[in-house]
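Below you'll find the structure, written out as structure tokens, and then a few comments.
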Amino acid sequence: MWSVRLSQVRLRSGRAQSSVAHLRGILKKELESIKEAGTWKSERVITSKQGAHISVDGRSTGILNFCANNYLGLSSHPEVIRASREALEEYGAGLSSVRFICGTQNIHKNLEEKIARFHKREDAILYISCFDANAGLFEAMLTPEDAVLSDELNHASIIDGIRLCKANKYRYKHMDLEDLETKLKEAQKHRLRLVVTDGVFSMDGDIAPLREICDLAKKYNALVFIDECHATGFMGPNGRGTDELMGVMDQVTIVNSTLGKALGGAAGGYTTGPKPLIDLLRQRSRPYLFSNTLPPAVVGSASKALDLLMESNEIAQSVSAKTVR
């Protein structure tokens, strides 16, 4: 009997090893195809703080860094670091919980209020990342009765978020207002129409024609959503983003953005907009409901970054000056 059991164990073990070997073979071919396509991504190992001047593993001298999203240089700002350290000491390393169980501290609510005030919206909700904010919005908000109209070059997180929802999906050519209008006409049969665009398209630096998009949205009774990850903090006179730059803050319904770029660069994202929508996201947005809350140190640094922006527009304006230089 023991010999039979041992044989069965060996058989199962052999099958498992065979399956793993098969997987390794598939993955090896896939990795080789990435290299052959020239899209293999190597990671630089930085041995210093993030900044314009950094140290990199394997180099004896420092180098200039032009490729971070640290647009305002706040990732290593002394006041931002101090605020992060103080939040860590007072509120701990983390909450070990999702928000609705026991993962909400007063600093989280204060930061959400501050974000809403900064963007001049009714309310805001925090996420671990803006990828999660985009993943959690469309599925919770839109139904099979609705339509979503998305720029073809929108960020991957927007694309993935839209895939998760059950709304009718329309994709318009990049910043092509004529094509957008055609799609809006087609979408008139649906309950809601949501036009979705990046404010600034990070790969090419294109700025969405928000004035014209908002005009079309008004004409065809649609809502406008913008992803402001590459605009928040430095676009517009006070750094409030593309909608401020274009003078359409009162016409854009929903803004998603990040705390992980200009606003301290640590982590985190958010949605800001009408309070009923934010209330709905707290009840139904899966990335919000099933992910741990932002660590206090991150909340502290992001909150201080927003304070600096709202105290003076000098930091936001500095990017324009540096661009001219």
Side-chain angles (χ1 to χ4, degrees), residues 26-27 30 33-34 37 39 41 98 124-176 179-204 206 208 210 213 216-217 220 222-232 242 252-261 267-274 277-278 280-292:
I26 292 172
L27 295 177
E30 189 68 24
S33 70
I34 294 172
T39 56
K41 291 161 280 293
V98 297
I125 180 174
L126 288 169
Y127 289 87
I128 284 292
S129 69
C130 191
F131 205 112
D132 273 2
N134 285 337
L137 173 68
F138 306 106
E139 183 183 23
M141 176 184 174
L142 302 174
T143 74
E145 298 179 66
D146 305 317
V148 57
L149 303 94
S150 179
D151 189 292
E152 65 181 353
L153 293 189
N154 277 337
H155 190 268
S157 60
I158 296 175
I159 295 169
D160 285 359
I162 289 173
R163 283 173 178 166
L164 291 171
C165 80
K166 295 178 180 177
N168 298 273
K169 301 169 180 68
Y170 297 81
R171 187 174 67 171
Y172 64 91
K173 296 174 184 176
H174 180 49
M175 300 201 310
D176 188 322
D179 192 40
L180 173 58
E181 183 167 19
T182 299
K183 299 297 193 299
L184 280 166
K185 289 177 181 176
E186 293 174 17
Q188 286 302 292
K189 57 193 173 194
H190 303 297
R191 184 186 66 164
L192 292 177
R193 287 155 296 285
L194 179 66
V195 179
V196 174
T197 182
D198 278 314
V200 175
F201 292 84
S202 61
M203 298 306 292
D204 297 313
D206 295 323
L210 276 186
I213 288 173
L216 285 174
Y220 293 98
L223 304 167
V224 177
F225 161 98
I226 55 175
D227 181 307
E228 290 284 82
C229 287
H230 293 274
T232 297
T242 315
V252 173
T253 309
I254 308 163
V255 174
N256 274 13
S257 195
T258 183
L259 305 173
K261 292 183 172 62
Y270 57 84
T271 296
T272 185
L277 172 62
I278 303 304
L280 180 68
L281 294 177
R282 292 193 196 281
Q283 300 303 315
R284 290 187 176 172
S285 180
R286 293 167 72 86
Y288 176 82
L289 290 169
F290 301 108
S291 295
N292 266 19

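Index from 1, following the sequence.
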Distance-only, no hydrogens or angles: does the K169 side chain make a donor-acceptor pair with backbone N or O of C165 under 3.5 Å?
-> yes
Side chains of F225 and V148: closer than 4.5 Å at any heavy-atom pair?
-> no
Distance col, row K173:NZ vs T182:OG1, nearest 0.5 angstrom, shows 9.0 Å
If you round to the nearest 0.5 Å, how far is OG1 of T272 from CD of E228?
-> 11.5 Å
Return yes if some donor-acceptor pair links the side-chain N/O of K41 with the main-chain N/O of T39 below 3.5 Å, else return no.
-> yes
Taking C-beta and beyond as the side chain, do T232 and T258 meet within less than 4.5 Å on heavy atoms?
-> no
Measure the shortest side-chain to side-chain distance between L281 and Y288 over non-hydrogen atoms and say whether it is less than 4.5 angstrom.
-> no
4.5 Å side-chain heavy-atom contact, H190 and Y170 = yes
Between atom CG of L194 and atom CE of M141, what is the distance when rounded to the nearest 0.5 Å?
-> 5.0 Å
To the nearest 0.5 angstrom, please state how far the CG atom of L126 sits from the OG atom of S291.
-> 12.5 Å
Run the numbers on Y172 and L184 for side chain to side chain contact (heavy atoms under 4.5 Å, CB included), then give the verdict.
-> CA-CA 10 Å; Y172 64 91; L184 280 166; over 6 Å; no
Pairs satisfying salt bridge (charged side-chain N to carboxylate O under 4.0 Å, His left out), at least one member in residues 146-158, at least two apart = D146-R191
Could you pull out the closest heavy-atom pair between I159 and N154, with the gap in Å?
-> CD1-O, 3.4 Å
Check whether any side-chain heavy atom of E139 lies under 4.5 Å from a side-chain heavy atom of R284, and answer yes or no.
-> no
Heavy-atom side-chain proximity of F138 to L164 below 4.5 angstrom = no
Give a yes or no answer on whether the side chain of D132 reaches the backbone of G269 with a donor-acceptor pair at less than 3.5 Å.
-> no
L259 to A267 - nearest heavy-atom pair and separation | CB-O, 3.2 Å
Within the distance-only criterion (no hydrogens, no angle test), does the side chain of D227 pair as donor or acceptor with the backbone N or O of I158 below 3.5 angstrom?
-> no
Where do L289 and Q283 come nearest, in terms of heavy atoms and distance?
-> CD1-O, 3.2 Å
Could you walk me through whether N256 and Y127 pass side chain to side chain contact (heavy atoms under 4.5 Å, CB included), step by step?
-> CA-CA 10 Å; N256 274 13; Y127 289 87; over 6 Å; no
Locate the shortest heavy-atom distance separating T271 from L137; write the atom from each residue and the value.
-> CG2-CD1, 4.5 Å
What's the shortest heavy-atom distance between A187 and A147, and which atoms?
-> CB-CB, 4.0 Å
Short side-chain donor-acceptor distance under 3.5 Å, E181 and Y220 | yes
Heavy atoms of other groups near R282 CZ, more than 12 under 6.0 Å = yes
If you take all heavy atoms of V224 and A217, which pair is closest and at what distance?
-> CG2-CB, 3.5 Å
Does a side chain donor of either D206 or H174 reach within less than 3.5 Å of an acceptor in the other side chain?
-> yes
Taken to the nearest 0.5 Å, the spacing of S129 OG from Y270 OH works out to 13.5 Å
Flag side-chain contact, heavy atom, 4.5 Å: N134 against D160 | no
Check step by step if side chain to side chain contact (heavy atoms under 4.5 Å, CB included) holds for V200 and T242.
-> CA-CA 7 Å; V200 175; T242 315; 3.8 Å; yes
Side-chain heavy-atom pair L210, T197 within 4.5 angstrom cut-off | yes
Which value, rounded to the nearest 0.5 Å, describes the distance between E186 atom CD and N168 atom CG?
-> 11.5 Å
